[in-house]
Trainee: 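Take a look at the following structure, please.
In this text, all values refer to a predicted model and were calculated from it rather than measured experimentally.
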Amino acid sequence: MDETYSIGQCSKLTGVPVRTLHYYEELGLLNPLRQANGHRVYQIEDMVELQKILSLKALGFSLTQIGELLKLPKFDQSLVETLKLQQQALEVKLVKIKQSLELISRMMAIVQSEDQLEHPLLFSLIRNMNQEDMQREWVANHLSEYTAQTLFDRSAEALKKMDAETVRFSRDVKRLSHGPSNSQEAETVIGAYVNWAMTYIDEKAIDNFRNLDEEQLTQLDQLVEMPLNEKETAWLDKALAHYFSKYMLTEQGELTANAPIITRES
């Protein structure tokens, strides 16, 4: 008689939990024999089948896919095509996992550097980070590739510094919005913000921004979320308008006053 194993022995030999063996049986992936008393008996063939399941699982196949593959009488060239598709799917997952890990690292850096972080600001940052690929594409298509590169193609540490600047500026606006938009402190904050933002923008981007139509601006609004309420946004608009009217030509100010807002939230 062929050597047989109880479910406990099978679990110990393979490292697969008993509960998982039960689940594989429920799905029809394993079909151990049953003794008269109802106990499962695993034969060598069952152990081999289990190793097939584990091997295909290691390749990233779902249990449903594994069930279909195990029904094949033999593996031929069609398996190569299946493996190629699986490889492509895993590569996409890997990119998404790396992006998630980068986002987590950036959020950890923000939270660790702050005593506390308000919910609206935190989730606004997360939503903007999740849309950075689309934001980059928009900037490259409508402003300039140079601006897209300087804003988005940055090292992890540079992105964390940009995130910290976002938090700092947002809090300054929230605090100052309770007072006049033309105060000396407001001018100082806006001036520092504009000088910082303008380091990422080239002349082509400025010229293109001037020619954006209403539809394109609406697209931008949908891609970029300001972590400010209506009152704070209105205050910022006034503060920017005051700053540019005081220190720059009005026409140039109207253009540039908007451009830093885009880069700031990107």
Side-chain angles (χ1 to χ4, degrees), residues 92 95-96 98-100 102-103 106-107 110 118-154 158-174 177 181 190 193-245 248-266:
V92 170
V95 170
K96 291 182 178 179
K98 288 182 177 179
Q99 290 174 339
S100 295
E102 291 173 1
L103 189 152
R106 289 167 65 180
M107 295 311 304
I110 293 172
E118 301 82 0
H119 282 189
L121 179 54
L122 174 66
F123 290 106
S124 176
L125 289 169
I126 293 175
R127 284 190 289 270
N128 274 316
M129 290 178 187
N130 279 326
Q131 296 195 104
E132 283 180 347
D133 287 344
M134 290 185 290
Q135 291 172 357
R136 189 202 187 287
E137 182 179 2
W138 189 96
V139 171
N141 290 338
H142 296 92
L143 299 183
S144 73
E145 179 60 34
Y146 170 85
T147 297
Q149 290 177 359
T150 57
L151 281 173
F152 299 98
D153 301 346
R154 302 169 59 79
L159 288 173
K160 290 177 183 178
K161 290 181 180 179
M162 183 176 285
D163 295 335
E165 178 66 17
T166 298
V167 173
R168 184 203 63 75
F169 181 73
S170 298
R171 284 186 165 167
D172 281 343
V173 170
K174 290 177 180 294
S177 65
S181 58
I190 295 298
Y193 166 67
V194 170
N195 290 332
W196 173 85
M198 290 302 294
T199 61
Y200 301 101
I201 304 173
D202 61 355
E203 290 297 325
K204 180 180 179 181
I206 294 175
D207 290 339
N208 286 337
F209 188 84
R210 181 184 290 113
N211 297 319
L212 292 178
D213 58 32
E214 193 65 31
E215 181 180 353
Q216 292 166 335
L217 289 172
T218 299
Q219 292 173 354
L220 180 60
D221 287 339
Q222 294 172 345
L223 287 175
V224 179
E225 179 177 328
M226 293 287 285
L228 305 172
N229 60 33
E230 186 175 348
K231 174 187 174 182
E232 293 158 353
T233 300
W235 181 94
L236 178 57
D237 289 341
K238 290 181 180 179
L240 285 166
H242 166 75
Y243 180 85
F244 284 106
S245 65
M248 298 181 182
L249 295 176
T250 302
E251 182 180 356
Q252 181 183 1
E254 289 175 352
L255 171 66
T256 320
N258 288 288
I261 297 176
I262 300 169
T263 60
R264 188 62 200 89
E265 286 307 307
S266 298

Trainee: Just wondering, do Thr147 and Lys204 contact through their side chains at under 4.5 Å, heavy atoms?
Mentor: no
Trainee: If I compare all heavy atoms of Lys174 with all of Pro227, which pair ends up nearest, and what's the gap?
Mentor: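 Minimum heavy-atom contact is NZ-O, 3.0 Å.
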Trainee: So, does Gln222 use its side chain to make a donor-acceptor pair with the main chain of Gln219 at under 3.5 Å?
Mentor: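 A pair under 3.5 Å: no.
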Trainee: Check whether any side-chain heavy atom of Trp235 lies under 4.5 Å from a side-chain heavy atom of Leu228, and answer yes or no.
Mentor: no
Trainee: Look at the side chain of Gln131 and the backbone N and O of Leu223, then say whether any donor-acceptor pair between them is shorter than 3.5 Å.
Mentor: yes
Trainee: Is the shortest side-chain heavy-atom distance between Ile206 and Met198 below 4.5 Å?
Mentor: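 Contact flag for Ile206/Met198 side chains = yes.
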Trainee: Hey, is the main chain of Asn229 close enough, under 3.5 Å, to the side chain of Glu232 for a donor-acceptor pair?
Mentor: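 Looks like yes, one N/O pair under 3.5 Å.
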Trainee: Heavy-atom distance under 4.5 Å between the side chains of Asn128 and Gln135, does that happen here?
Mentor: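 They are in side-chain contact.
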Trainee: Show your working on side chain to side chain contact (heavy atoms under 4.5 Å, CB included) between Gln99 and Glu132 and close with a plain yes or no.
Mentor: CA-CA 11 Å; Gln99 290 174 339; Glu132 283 180 347; over 6 Å; no
Trainee: Does the side chain of Met226 reach to within under 4.5 Å of the side chain of Leu236, using non-hydrogen atoms?
Mentor: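 Yes, close enough: below the 4.5 Å cut-off.
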Trainee: Which class fits the ring pair Trp196 and Tyr193: parallel under 30°, tilted 30 to 60°, perpendicular over 60°?
Mentor: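 Judged by the thresholds at 30° and 60°, the geometry between Trp196 and Tyr193 is parallel.
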Trainee: List in chain and number order the residues that pass ring pair (Phe, Tyr, Trp, His ring centres under 6.0 Å) with His142, two or more places apart in sequence or in another chain; answer none if no residue qualifies.
Mentor: Trp138
Trainee: Looking at Lys160 and Asp163, is there a salt bridge between them, counting it only when a charged N and a carboxylate O are closer than 4.0 Å?
Mentor: no
Trainee: Looking only at heavy atoms, what is the nearest atom pair of Ala140 and Glu145, with distance?
Mentor: CB-OE1, 3.4 Å
Trainee: Do Asp207 and Arg210 touch side chain to side chain, with heavy atoms closer than 4.5 Å?
Mentor: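 Heavy-atom side-chain distance check passes, below 4.5 Å.
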Trainee: Between Val139 and Phe152, is a side chain to side chain contact (heavy atoms under 4.5 Å, CB included) present by the stated rule, with each step listed?
Mentor: CA-CA 10 Å; Val139 171; Phe152 299 98; 4.1 Å; yes
Trainee: Show, in sequence, the C-alpha distance, side-chain angles and deciding distance for Arg106 and Leu125, and conclude whether the side chain to side chain contact (heavy atoms under 4.5 Å, CB included) test is met.
Mentor: CA-CA 10 Å; Arg106 289 167 65 180; Leu125 289 169; over 6 Å; no
